[in-house]
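Structure, as C-alpha coordinates:
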Amino acid sequence: MPEKKQFRAIKGTRDILPPDSSLWNWFEQTARETFESYNFRDIRLPILEEAELFARSVGEDTDIIGKEMYRFAGKLESLRRAISESIGRLDNSSRIYTFVQFLAVLKRNLNEALNNDVIPKNMSNLHRIGQLEARCREGETRLLNGDVEPSQAWTALYEETTSILDDFRPIEKSDETLRPEGTAPVCRAYIEHGMHTLPGNVKLYYIGPMFRRERPQKGRYRQFYQIGAEVLGQSDAPAIDAEVLEMLLVFFHRVGLTRTTLYVNSIGDKECRPKYVELLREELRKVKDHLGADSQRRIETNPLRVLDSKLPQEQPIIEKLPRISDHLCDACREHFANLKNELRLRNINYEENWRLVRGLDYYTRTTFEVTAEGLGSQNAVCGGGRYDGLVELLGGPPTKGIGFAIGSDRAILSIQEGAEAHALPGLSVYIAWMGAASYPAAVSIARKLREAGLSVEMPPEEMKFKKSLGLADKLGARYALILGEDEVASNKFTLKRLADAEQNKFSEYELLEYLESERRG
Ligand code: AMP
(Lines give C-alpha, C1' and ligand atoms only; values in the text may rest on other atoms or scores of the structure.)
Protein backbone atom coordinates (compact mmCIF):
# COMPACT_ATOMS: atom_id res chain seq x y z
CA MET A 1 0.00 0.00 0.00
CA PRO A 2 1.47 3.38 -0.91
CA GLU A 3 1.78 5.76 2.00
CA LYS A 4 -1.31 7.94 2.42
CA LYS A 5 -0.38 11.52 1.74
CA GLN A 6 -2.43 14.66 2.05
CA PHE A 7 -1.47 17.06 -0.73
CA ARG A 8 -1.63 20.78 -0.02
CA ALA A 9 -1.12 23.92 -2.08
CA ILE A 10 2.57 24.91 -2.22
CA LYS A 11 3.74 27.53 0.30
CA GLY A 12 2.89 31.02 -0.91
CA THR A 13 0.23 29.81 -3.36
CA ARG A 14 -3.47 29.37 -2.67
CA ASP A 15 -6.78 28.28 -4.11
CA ILE A 16 -9.42 30.90 -4.72
CA LEU A 17 -12.70 29.17 -4.08
CA PRO A 18 -16.33 30.09 -4.63
CA PRO A 19 -17.87 32.43 -3.56
CA ASP A 20 -14.59 34.44 -3.51
CA SER A 21 -13.93 33.49 -7.12
CA SER A 22 -17.15 35.33 -8.12
CA LEU A 23 -15.78 38.43 -6.47
CA TRP A 24 -12.51 37.96 -8.37
CA ASN A 25 -14.32 37.53 -11.70
CA TRP A 26 -16.42 40.61 -11.09
CA PHE A 27 -13.29 42.58 -10.07
CA GLU A 28 -11.45 41.56 -13.23
CA GLN A 29 -14.50 42.12 -15.44
CA THR A 30 -14.93 45.62 -14.04
CA ALA A 31 -11.26 46.30 -14.86
CA ARG A 32 -11.81 45.12 -18.44
CA GLU A 33 -14.87 47.33 -18.87
CA THR A 34 -13.21 50.37 -17.33
CA PHE A 35 -9.97 50.00 -19.27
CA GLU A 36 -11.77 49.35 -22.57
CA SER A 37 -13.75 52.56 -22.07
CA TYR A 38 -10.35 54.31 -22.13
CA ASN A 39 -9.54 52.44 -25.36
CA PHE A 40 -7.11 49.95 -23.78
CA ARG A 41 -7.06 46.45 -25.28
CA ASP A 42 -6.28 43.08 -23.73
CA ILE A 43 -2.88 41.47 -24.33
CA ARG A 44 -2.40 37.84 -23.32
CA LEU A 45 1.20 37.06 -22.56
CA PRO A 46 3.07 33.84 -21.83
CA ILE A 47 3.81 32.99 -18.23
CA LEU A 48 7.30 31.77 -19.20
CA GLU A 49 9.87 34.25 -20.46
CA GLU A 50 13.64 34.46 -20.81
CA ALA A 51 15.15 35.35 -17.46
CA GLU A 52 17.46 37.85 -19.10
CA LEU A 53 14.47 39.97 -20.17
CA PHE A 54 13.84 40.80 -16.52
CA ALA A 55 17.51 41.08 -15.59
CA ARG A 56 17.97 43.77 -18.25
CA SER A 57 14.82 45.71 -17.48
CA VAL A 58 13.98 45.33 -13.81
CA GLY A 59 17.71 45.35 -12.94
CA GLU A 60 20.07 42.74 -11.55
CA ASP A 61 20.53 44.53 -8.28
CA THR A 62 16.89 44.24 -7.26
CA ASP A 63 15.40 41.61 -4.96
CA ILE A 64 13.05 40.44 -7.71
CA ILE A 65 15.93 39.46 -9.97
CA GLY A 66 18.60 38.79 -7.36
CA LYS A 67 16.68 36.20 -5.42
CA GLU A 68 12.98 36.00 -6.14
CA MET A 69 12.69 34.65 -9.68
CA TYR A 70 11.53 31.08 -10.27
CA ARG A 71 14.18 30.12 -12.77
CA PHE A 72 14.76 26.82 -14.46
CA ALA A 73 18.22 25.46 -14.16
CA GLY A 74 20.69 26.40 -16.83
CA LYS A 75 24.47 25.95 -16.75
CA LEU A 76 24.96 28.23 -13.79
CA GLU A 77 22.30 26.60 -11.72
CA SER A 78 24.18 23.33 -12.22
CA LEU A 79 27.39 25.00 -11.11
CA ARG A 80 25.69 26.34 -8.01
CA ARG A 81 24.52 22.87 -7.20
CA ALA A 82 27.97 21.48 -7.84
CA ILE A 83 29.40 23.94 -5.31
CA SER A 84 26.75 23.05 -2.74
CA GLU A 85 27.25 19.38 -3.27
CA SER A 86 31.02 19.51 -3.03
CA ILE A 87 30.72 21.46 0.19
CA GLY A 88 28.29 18.85 1.43
CA ARG A 89 30.75 16.10 0.60
CA LEU A 90 33.64 17.73 2.46
CA ASP A 91 34.84 16.04 5.56
CA ASN A 92 32.53 17.41 8.20
CA SER A 93 34.96 16.68 10.99
CA SER A 94 36.48 19.29 13.18
CA ARG A 95 39.80 19.74 11.45
CA ILE A 96 41.22 22.99 10.18
CA TYR A 97 42.01 21.16 7.00
CA THR A 98 38.29 21.30 6.19
CA PHE A 99 38.43 25.06 5.82
CA VAL A 100 41.37 24.94 3.51
CA GLN A 101 39.61 22.36 1.38
CA PHE A 102 36.43 24.39 1.44
CA LEU A 103 38.09 27.61 0.33
CA ALA A 104 39.86 25.82 -2.48
CA VAL A 105 36.63 24.31 -3.84
CA LEU A 106 34.83 27.58 -3.63
CA LYS A 107 37.54 29.64 -5.27
CA ARG A 108 38.07 27.19 -8.09
CA ASN A 109 34.38 27.06 -8.95
CA LEU A 110 33.74 30.76 -8.66
CA ASN A 111 36.78 31.80 -10.67
CA GLU A 112 35.90 29.37 -13.38
CA ALA A 113 32.37 30.78 -13.51
CA LEU A 114 33.56 34.38 -13.62
CA ASN A 115 36.16 33.71 -16.29
CA ASN A 116 33.73 31.81 -18.48
CA ASP A 117 31.19 34.60 -18.20
CA VAL A 118 28.77 32.19 -16.56
CA ILE A 119 28.54 34.66 -13.70
CA PRO A 120 28.37 38.24 -14.99
CA LYS A 121 31.09 40.39 -13.43
CA ASN A 122 28.66 42.93 -12.03
CA MET A 123 28.87 44.80 -8.77
CA SER A 124 26.47 42.72 -6.75
CA ASN A 125 28.03 39.40 -7.80
CA LEU A 126 31.53 40.58 -7.01
CA HIS A 127 30.22 41.86 -3.72
CA ARG A 128 28.66 38.50 -2.88
CA ILE A 129 31.83 36.64 -3.74
CA GLY A 130 33.87 39.05 -1.62
CA GLN A 131 31.47 38.51 1.25
CA LEU A 132 31.79 34.77 0.96
CA GLU A 133 35.57 34.79 0.93
CA ALA A 134 35.70 37.19 3.86
CA ARG A 135 33.49 34.86 5.89
CA CYS A 136 35.80 31.93 5.16
CA ARG A 137 38.87 33.87 6.21
CA GLU A 138 37.16 35.08 9.38
CA GLY A 139 36.15 31.52 10.24
CA GLU A 140 39.70 30.33 9.64
CA THR A 141 41.23 33.03 11.84
CA ARG A 142 38.81 32.49 14.69
CA LEU A 143 39.50 28.82 14.54
CA LEU A 144 43.27 29.22 14.46
CA ASN A 145 43.07 31.58 17.44
CA GLY A 146 41.05 29.02 19.30
CA ASP A 147 38.13 31.47 19.68
CA VAL A 148 35.56 28.89 18.76
CA GLU A 149 35.07 25.18 18.88
CA PRO A 150 36.07 23.76 15.48
CA SER A 151 32.77 21.96 14.98
CA GLN A 152 30.82 25.09 15.88
CA ALA A 153 32.84 27.21 13.50
CA TRP A 154 32.33 24.76 10.73
CA THR A 155 28.58 24.54 11.17
CA ALA A 156 28.17 28.32 11.27
CA LEU A 157 30.28 28.79 8.19
CA TYR A 158 28.55 26.02 6.32
CA GLU A 159 25.12 27.50 7.02
CA GLU A 160 26.16 30.99 6.08
CA THR A 161 27.79 29.85 2.88
CA THR A 162 24.79 27.91 1.69
CA SER A 163 22.56 30.86 2.41
CA ILE A 164 24.79 33.22 0.45
CA LEU A 165 24.92 30.69 -2.36
CA ASP A 166 21.12 30.65 -2.37
CA ASP A 167 21.22 34.38 -2.89
CA PHE A 168 23.82 34.07 -5.53
CA ARG A 169 21.75 33.44 -8.61
CA PRO A 170 23.06 35.47 -11.49
CA ILE A 171 21.28 35.23 -14.80
CA GLU A 172 22.37 32.91 -17.51
CA LYS A 173 21.48 33.59 -21.11
CA SER A 174 19.59 30.36 -21.57
CA ASP A 175 17.55 30.57 -18.36
CA GLU A 176 13.79 30.57 -18.52
CA THR A 177 11.68 31.90 -15.71
CA LEU A 178 8.13 32.24 -14.48
CA ARG A 179 7.42 35.93 -15.05
CA PRO A 180 7.78 38.09 -11.93
CA GLU A 181 6.05 41.12 -13.50
CA GLY A 182 4.29 42.20 -16.67
CA THR A 183 5.83 45.40 -18.02
CA ALA A 184 8.97 43.85 -19.52
CA PRO A 185 6.94 41.14 -21.32
CA VAL A 186 4.57 43.80 -22.75
CA CYS A 187 7.60 45.70 -24.08
CA ARG A 188 9.07 42.48 -25.46
CA ALA A 189 5.81 41.78 -27.31
CA TYR A 190 5.58 45.41 -28.51
CA ILE A 191 9.01 45.09 -30.12
CA GLU A 192 8.56 41.53 -31.38
CA HIS A 193 5.32 42.39 -33.22
CA GLY A 194 6.46 45.77 -34.56
CA MET A 195 3.65 47.50 -32.69
CA HIS A 196 5.42 50.86 -32.98
CA THR A 197 4.03 51.05 -36.52
CA LEU A 198 0.45 51.05 -35.20
CA PRO A 199 -1.35 54.40 -35.31
CA GLY A 200 -1.49 56.52 -32.16
CA ASN A 201 -0.45 55.34 -28.74
CA VAL A 202 -0.55 51.61 -28.10
CA LYS A 203 -2.72 51.05 -25.00
CA LEU A 204 -2.66 47.55 -23.55
CA TYR A 205 -3.82 45.82 -20.40
CA TYR A 206 -3.12 42.35 -19.01
CA ILE A 207 -4.56 40.22 -16.25
CA GLY A 208 -2.80 37.22 -14.81
CA PRO A 209 -0.53 35.57 -12.26
CA MET A 210 3.03 36.67 -11.40
CA PHE A 211 5.61 34.72 -9.42
CA ARG A 212 8.15 35.88 -6.85
CA ARG A 213 9.88 33.76 -4.25
CA GLU A 214 9.12 36.13 -1.37
CA ARG A 215 8.53 35.36 2.28
CA PRO A 216 4.77 34.73 2.38
CA GLN A 217 2.60 36.74 4.76
CA LYS A 218 -0.81 38.42 4.71
CA GLY A 219 -1.14 40.12 1.31
CA ARG A 220 2.16 38.71 0.07
CA TYR A 221 2.21 35.51 -1.93
CA ARG A 222 4.59 33.67 -4.20
CA GLN A 223 1.94 33.34 -6.87
CA PHE A 224 -0.08 36.54 -6.94
CA TYR A 225 -2.25 38.26 -9.51
CA GLN A 226 -1.82 41.55 -11.25
CA ILE A 227 -3.95 43.69 -13.52
CA GLY A 228 -1.65 45.96 -15.45
CA ALA A 229 -2.02 48.66 -18.10
CA GLU A 230 0.64 50.20 -20.31
CA VAL A 231 0.74 53.07 -22.83
CA LEU A 232 3.55 52.91 -25.38
CA GLY A 233 4.26 55.38 -28.14
CA GLN A 234 6.05 58.53 -29.19
CA SER A 235 4.54 60.97 -26.74
CA ASP A 236 5.40 61.48 -23.10
CA ALA A 237 2.78 64.19 -22.55
CA PRO A 238 1.87 64.48 -18.85
CA ALA A 239 -1.79 64.17 -19.93
CA ILE A 240 -1.06 60.50 -20.66
CA ASP A 241 0.20 59.97 -17.11
CA ALA A 242 -2.85 61.77 -15.76
CA GLU A 243 -5.29 59.81 -17.90
CA VAL A 244 -3.72 56.54 -16.74
CA LEU A 245 -4.11 57.66 -13.12
CA GLU A 246 -7.69 58.79 -13.73
CA MET A 247 -8.53 55.38 -15.23
CA LEU A 248 -6.96 53.61 -12.28
CA LEU A 249 -8.94 55.62 -9.76
CA VAL A 250 -12.20 55.28 -11.72
CA PHE A 251 -11.67 51.53 -11.59
CA PHE A 252 -10.97 51.59 -7.84
CA HIS A 253 -14.08 53.69 -7.34
CA ARG A 254 -16.22 51.25 -9.32
CA VAL A 255 -15.09 48.30 -7.25
CA GLY A 256 -15.63 50.18 -4.01
CA LEU A 257 -11.94 50.59 -3.19
CA THR A 258 -12.28 54.15 -1.99
CA ARG A 259 -10.24 54.39 1.20
CA THR A 260 -7.04 54.79 -0.78
CA THR A 261 -4.21 57.30 -1.08
CA LEU A 262 -2.38 58.11 -4.29
CA TYR A 263 1.29 59.06 -3.89
CA VAL A 264 3.22 60.61 -6.77
CA ASN A 265 6.82 61.56 -7.36
CA SER A 266 9.25 62.28 -10.16
CA ILE A 267 12.58 60.49 -10.13
CA GLY A 268 14.12 62.38 -13.04
CA ASP A 269 15.48 61.04 -16.31
CA LYS A 270 18.84 60.01 -17.72
CA GLU A 271 19.97 63.64 -17.61
CA CYS A 272 19.42 64.41 -13.95
CA ARG A 273 18.95 61.08 -12.17
CA PRO A 274 22.54 59.75 -12.44
CA LYS A 275 23.87 63.00 -10.92
CA TYR A 276 21.37 62.79 -8.09
CA VAL A 277 22.18 59.11 -7.48
CA GLU A 278 25.88 59.97 -7.23
CA LEU A 279 25.14 62.77 -4.78
CA LEU A 280 22.96 60.44 -2.75
CA ARG A 281 25.71 57.83 -2.75
CA GLU A 282 28.26 60.34 -1.47
CA GLU A 283 25.93 61.46 1.31
CA LEU A 284 25.13 57.89 2.24
CA ARG A 285 28.80 56.95 2.45
CA LYS A 286 29.20 59.64 5.10
CA VAL A 287 26.55 58.02 7.32
CA LYS A 288 27.27 54.44 6.36
CA ASP A 289 28.10 53.29 9.89
CA HIS A 290 24.66 54.28 11.14
CA LEU A 291 22.81 52.24 8.52
CA GLY A 292 21.67 48.64 8.60
CA ALA A 293 23.34 45.91 6.52
CA ASP A 294 20.84 46.09 3.63
CA SER A 295 21.19 49.83 3.23
CA GLN A 296 24.98 49.61 3.54
CA ARG A 297 25.05 47.21 0.64
CA ARG A 298 22.66 49.36 -1.40
CA ILE A 299 24.91 52.42 -1.15
CA GLU A 300 27.05 50.77 -3.79
CA THR A 301 24.52 48.66 -5.68
CA ASN A 302 21.34 50.77 -5.76
CA PRO A 303 21.36 53.83 -3.46
CA LEU A 304 17.82 54.93 -4.40
CA ARG A 305 16.54 51.79 -2.71
CA VAL A 306 17.80 53.09 0.65
CA LEU A 307 14.91 55.59 0.46
CA ASP A 308 12.50 52.60 0.54
CA SER A 309 13.84 51.48 3.91
CA LYS A 310 11.35 51.06 6.73
CA LEU A 311 13.99 50.51 9.47
CA PRO A 312 13.08 52.90 12.34
CA GLN A 313 16.69 53.84 13.15
CA GLU A 314 17.33 54.88 9.53
CA GLN A 315 14.35 57.23 9.27
CA PRO A 316 15.93 60.36 10.80
CA ILE A 317 19.01 59.84 8.61
CA ILE A 318 16.95 59.43 5.45
CA GLU A 319 14.92 62.55 6.19
CA LYS A 320 18.12 64.60 5.99
CA LEU A 321 19.29 63.18 2.65
CA PRO A 322 19.18 65.30 -0.51
CA ARG A 323 15.84 65.11 -2.27
CA ILE A 324 15.39 64.42 -5.96
CA SER A 325 12.83 67.23 -6.25
CA ASP A 326 15.67 69.72 -5.65
CA HIS A 327 17.80 68.11 -8.35
CA LEU A 328 15.46 67.61 -11.31
CA CYS A 329 16.57 69.05 -14.65
CA ASP A 330 14.34 71.73 -16.20
CA ALA A 331 12.55 69.33 -18.53
CA CYS A 332 11.71 66.90 -15.70
CA ARG A 333 10.65 69.69 -13.38
CA GLU A 334 8.29 71.02 -16.05
CA HIS A 335 6.91 67.55 -16.77
CA PHE A 336 6.16 66.98 -13.10
CA ALA A 337 4.54 70.42 -12.69
CA ASN A 338 2.35 69.77 -15.73
CA LEU A 339 1.37 66.37 -14.40
CA LYS A 340 0.21 67.94 -11.16
CA ASN A 341 -1.84 70.50 -13.12
CA GLU A 342 -3.40 67.70 -15.13
CA LEU A 343 -4.31 65.85 -11.94
CA ARG A 344 -5.96 68.95 -10.49
CA LEU A 345 -7.88 69.43 -13.74
CA ARG A 346 -9.30 65.93 -13.22
CA ASN A 347 -10.06 66.50 -9.52
CA ILE A 348 -7.63 63.75 -8.55
CA ASN A 349 -6.34 63.99 -5.00
CA TYR A 350 -2.72 63.00 -4.49
CA GLU A 351 0.14 63.36 -2.08
CA GLU A 352 3.70 64.01 -3.13
CA ASN A 353 6.20 61.57 -1.68
CA TRP A 354 9.83 62.29 -2.52
CA ARG A 355 10.89 58.87 -1.20
CA LEU A 356 8.74 56.98 -3.70
CA VAL A 357 11.46 55.62 -5.97
CA ARG A 358 9.99 52.17 -6.64
CA GLY A 359 12.24 49.16 -6.63
CA LEU A 360 12.72 48.60 -10.33
CA ASP A 361 15.50 50.13 -12.41
CA TYR A 362 13.45 51.02 -15.46
CA TYR A 363 11.44 53.92 -14.08
CA THR A 364 12.01 57.51 -15.22
CA ARG A 365 10.20 60.70 -14.21
CA THR A 366 6.69 59.89 -12.92
CA THR A 367 6.38 57.20 -10.26
CA PHE A 368 3.26 56.49 -8.25
CA GLU A 369 1.76 54.13 -5.76
CA VAL A 370 -1.71 53.65 -4.28
CA THR A 371 -2.13 52.36 -0.75
CA ALA A 372 -5.36 51.07 0.77
CA GLU A 373 -6.62 50.74 4.32
CA GLY A 374 -7.09 47.53 6.23
CA LEU A 375 -4.05 45.71 4.86
CA GLY A 376 -1.39 46.11 7.55
CA SER A 377 2.18 46.48 6.36
CA GLN A 378 1.54 45.18 2.82
CA ASN A 379 -0.75 48.05 1.96
CA ALA A 380 0.36 48.98 -1.58
CA VAL A 381 -2.38 47.94 -3.99
CA CYS A 382 -0.89 49.46 -7.11
CA GLY A 383 2.46 50.70 -8.31
CA GLY A 384 3.60 52.22 -11.54
CA GLY A 385 5.39 54.89 -13.42
CA ARG A 386 7.03 56.06 -16.59
CA TYR A 387 9.74 53.99 -18.30
CA ASP A 388 10.79 56.02 -21.32
CA GLY A 389 14.00 54.20 -22.17
CA LEU A 390 12.88 50.63 -21.57
CA VAL A 391 11.78 49.59 -25.08
CA GLU A 392 15.06 50.87 -26.48
CA LEU A 393 17.02 49.09 -23.75
CA LEU A 394 15.34 45.86 -24.85
CA GLY A 395 16.42 46.39 -28.45
CA GLY A 396 13.40 48.27 -29.80
CA PRO A 397 12.97 51.73 -31.35
CA PRO A 398 13.00 54.87 -29.14
CA THR A 399 9.66 54.73 -27.34
CA LYS A 400 8.01 56.38 -24.37
CA GLY A 401 6.04 54.32 -21.91
CA ILE A 402 3.99 54.49 -18.76
CA GLY A 403 1.98 51.92 -16.87
CA PHE A 404 0.90 50.39 -13.59
CA ALA A 405 0.23 47.05 -11.98
CA ILE A 406 -2.57 46.52 -9.51
CA GLY A 407 -2.09 43.72 -6.97
CA SER A 408 -5.47 41.98 -7.20
CA ASP A 409 -4.94 39.84 -4.08
CA ARG A 410 -4.48 42.88 -1.90
CA ALA A 411 -7.10 45.04 -3.61
CA ILE A 412 -9.70 42.29 -3.16
CA LEU A 413 -8.64 41.73 0.45
CA SER A 414 -9.15 45.42 1.09
CA ILE A 415 -12.60 45.36 -0.57
CA GLN A 416 -13.55 42.34 1.53
CA GLU A 417 -12.41 44.05 4.71
CA GLY A 418 -14.33 47.23 3.85
CA ALA A 419 -17.85 47.74 5.13
CA GLU A 420 -19.69 47.48 1.87
CA ALA A 421 -21.10 44.09 0.96
CA HIS A 422 -21.24 43.27 -2.72
CA ALA A 423 -24.39 41.84 -4.21
CA LEU A 424 -22.92 39.37 -6.64
CA PRO A 425 -25.06 37.28 -8.94
CA GLY A 426 -25.71 33.92 -7.31
CA LEU A 427 -28.11 31.09 -8.01
CA SER A 428 -31.40 32.47 -9.41
CA VAL A 429 -33.68 29.49 -9.82
CA TYR A 430 -33.77 26.05 -8.29
CA ILE A 431 -36.10 23.66 -10.13
CA ALA A 432 -37.85 21.40 -7.64
CA TRP A 433 -39.35 18.71 -9.86
CA MET A 434 -41.07 15.53 -8.73
CA GLY A 435 -42.65 12.69 -10.67
CA ALA A 436 -41.36 11.11 -13.89
CA ALA A 437 -43.93 13.02 -15.94
CA SER A 438 -42.54 16.42 -14.91
CA TYR A 439 -38.91 15.58 -15.66
CA PRO A 440 -38.97 16.39 -19.43
CA ALA A 441 -40.67 19.74 -18.69
CA ALA A 442 -37.99 20.47 -16.03
CA VAL A 443 -35.14 19.75 -18.46
CA SER A 444 -36.74 21.94 -21.10
CA ILE A 445 -37.47 24.95 -18.86
CA ALA A 446 -33.99 24.73 -17.27
CA ARG A 447 -32.42 25.12 -20.68
CA LYS A 448 -34.66 28.04 -21.63
CA LEU A 449 -33.97 29.89 -18.38
CA ARG A 450 -30.24 29.35 -18.77
CA GLU A 451 -30.39 30.65 -22.33
CA ALA A 452 -32.08 33.74 -20.92
CA GLY A 453 -28.95 34.28 -18.80
CA LEU A 454 -30.22 33.00 -15.44
CA SER A 455 -28.24 30.72 -13.16
CA VAL A 456 -30.26 27.54 -12.71
CA GLU A 457 -29.81 24.39 -10.65
CA MET A 458 -31.92 21.24 -10.73
CA PRO A 459 -31.48 17.94 -8.95
CA PRO A 460 -30.31 15.20 -11.32
CA GLU A 461 -32.40 12.61 -9.49
CA GLU A 462 -35.90 12.80 -8.18
CA MET A 463 -36.21 14.25 -4.67
CA LYS A 464 -39.15 14.77 -2.32
CA PHE A 465 -40.44 18.39 -2.54
CA LYS A 466 -39.59 19.13 1.08
CA LYS A 467 -36.01 17.97 0.72
CA SER A 468 -35.68 19.71 -2.62
CA LEU A 469 -36.90 23.05 -1.24
CA GLY A 470 -34.60 22.67 1.76
CA LEU A 471 -31.64 22.28 -0.59
CA ALA A 472 -32.79 25.30 -2.64
CA ASP A 473 -32.65 27.33 0.57
CA LYS A 474 -29.22 26.05 1.54
CA LEU A 475 -27.87 26.81 -1.93
CA GLY A 476 -29.06 30.41 -1.56
CA ALA A 477 -31.40 30.30 -4.59
CA ARG A 478 -33.65 33.33 -5.03
CA TYR A 479 -36.54 31.29 -6.43
CA ALA A 480 -37.76 27.73 -6.41
CA LEU A 481 -39.68 26.65 -9.48
CA ILE A 482 -42.09 23.94 -8.42
CA LEU A 483 -42.90 21.36 -11.04
CA GLY A 484 -45.11 18.46 -10.05
CA GLU A 485 -47.67 16.44 -11.95
CA ASP A 486 -50.40 19.05 -11.28
CA GLU A 487 -48.27 21.80 -12.82
CA VAL A 488 -47.54 19.71 -15.90
CA ALA A 489 -51.22 18.83 -16.32
CA SER A 490 -52.31 22.49 -16.04
CA ASN A 491 -49.35 23.82 -18.04
CA LYS A 492 -48.56 26.31 -15.24
CA PHE A 493 -45.39 26.67 -13.16
CA THR A 494 -45.42 27.61 -9.51
CA LEU A 495 -42.66 30.12 -8.67
CA LYS A 496 -41.82 30.58 -5.02
CA ARG A 497 -39.67 33.51 -3.86
CA LEU A 498 -37.62 31.96 -1.09
CA ALA A 499 -36.98 35.15 0.87
CA ASP A 500 -40.66 35.69 1.73
CA ALA A 501 -42.30 32.47 0.47
CA GLU A 502 -44.55 34.43 -1.91
CA GLN A 503 -45.93 32.09 -4.56
CA ASN A 504 -47.39 32.72 -8.03
CA LYS A 505 -48.49 30.62 -10.95
CA PHE A 506 -47.16 31.42 -14.43
CA SER A 507 -47.41 30.05 -17.95
CA GLU A 508 -44.02 29.34 -19.53
CA TYR A 509 -44.14 32.58 -21.48
CA GLU A 510 -45.09 34.61 -18.40
CA LEU A 511 -42.41 32.93 -16.34
CA LEU A 512 -39.66 33.78 -18.80
CA GLU A 513 -40.88 37.38 -19.06
CA TYR A 514 -41.03 37.74 -15.29
CA LEU A 515 -37.62 36.25 -14.51
CA GLU A 516 -35.90 38.11 -17.31
CA SER A 517 -37.24 41.43 -16.12
CA GLU A 518 -36.15 40.50 -12.57
CA ARG A 519 -32.64 39.76 -13.81
CA ARG A 520 -32.38 43.10 -15.58
CA GLY A 521 -33.43 44.69 -12.28
P1 AMP B 1 5.34 45.76 -8.34
O2 AMP B 1 5.23 44.93 -9.58
O3 AMP B 1 6.36 45.26 -7.36
O4 AMP B 1 5.42 47.21 -8.63
O5 AMP B 1 3.97 45.55 -7.55
C6 AMP B 1 2.74 46.09 -7.97
C7 AMP B 1 1.68 45.62 -7.03
O8 AMP B 1 1.59 44.21 -7.05
C9 AMP B 1 1.97 45.94 -5.56
O10 AMP B 1 1.49 47.22 -5.22
C11 AMP B 1 1.20 44.86 -4.84
O12 AMP B 1 -0.15 45.23 -4.69
C13 AMP B 1 1.28 43.70 -5.79
N14 AMP B 1 2.30 42.71 -5.35
C15 AMP B 1 3.63 42.73 -5.56
N16 AMP B 1 4.23 41.65 -5.03
C17 AMP B 1 3.25 40.92 -4.44
C18 AMP B 1 3.21 39.68 -3.72
N19 AMP B 1 4.30 38.96 -3.50
N20 AMP B 1 2.01 39.24 -3.27
C21 AMP B 1 0.87 39.95 -3.51
N22 AMP B 1 0.85 41.10 -4.18
C23 AMP B 1 2.01 41.59 -4.65
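Both backbone and side-chain heavy atoms feed into the values below; hydrogens, waters and symmetry mates do not. We count ligands from 1, going down the list as the structure has it; atoms in each ligand are counted the same way.
Under 4.0 Å from ligand 1, the heavy atoms of Gln226 that appear belong solely to its side chain. With a 4.0 Å heavy-atom cut-off, ligand 1 is reached by the side chain of Arg212 but not by its N, CA, C or O. Only side-chain heavy atoms of Arg410 come within less than 4.0 Å of ligand 1; its backbone N, CA, C and O stay farther off. At a heavy-atom distance under 4.0 Å, only backbone atoms of Cys382 (N, CA, C or O) approach ligand 1.
In this structure, Tyr221 and Thr13 have side chains that are not in contact, with every pair of non-hydrogen atoms separated by 4.5 Å or more. Contact annotation: the side chain of Arg212 approaches that of Ile64 to within less than 4.5 Å [non-hydrogen atoms, C-beta and beyond]. The shortest side-chain heavy-atom distance between Ile191 and Leu394 falls under the 4.5 Å cut-off.
The protein heavy-atom contact nearest to atom 4 (O) of ligand 1 is Arg358 NH2, 2.4 Å. Counting protein heavy atoms only, atom 14 (N) of ligand 1 is closest to Phe224 CE1, 3.6 Å.
The line from CG of Leu23 to CD1 of Ile415 is 6.0 Å long, rounded to the nearest 0.5 Å.
Taking a cut-off of under 4.0 Å to the non-hydrogen atoms of Gly219, the atoms of ligand 1 that pass are 20 (N), 21 (C), 22 (N). Listed by atom number, the atoms of ligand 1 under 4.0 Å from Glu214 heavy atoms are 16 (N), 17 (C), 18 (C), 19 (N). Those atoms of ligand 1 with a heavy atom of Gly407 less than 4.0 angstrom away are 7 (C), 8 (O), 12 (O), 13 (C). Listed by atom number, the atoms of ligand 1 under 4.0 Å from Ala405 heavy atoms are 6 (C), 7 (C).
Below 3.5 Å of separation, one finds no N or O of Ile406 facing any N or O of ligand 1. Note: no N/O pair closer than 3.5 Å links Glu181 and ligand 1 by distance alone. The shortest N or O to N or O distance between Tyr221 and ligand 1 is below 3.5 Å.
Smallest separation of non-hydrogen atoms from Val391 and Pro397: CG1-O, 3.5 Å.
Phe40 has its ring centre no less than 6.0 Å from the ring centre of Tyr205. Between Phe251 and Phe27, the gap from one ring centroid to the other is short of 6.0 Å.
Comparing Gly384, Gly385, Ala380 by heavy-atom distance to atom 9 (C) of ligand 1, the nearest is Ala380.
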**OP:** Begin with the C-alpha distance, continue with both residues' side-chain angles, and end with the deciding distance and a verdict on side-chain contact (heavy atoms from CB on, under 4.5 Å) for Thr366 and Ser266.
**Re:** CA-CA 4 Å; Thr366 313; Ser266 173; 5.9 Å; no
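More than 12 heavy atoms of other residues, nucleotides or ligands lie within 6.0 Å of CD in Gln217, so this atom counts as buried by the packing criterion.
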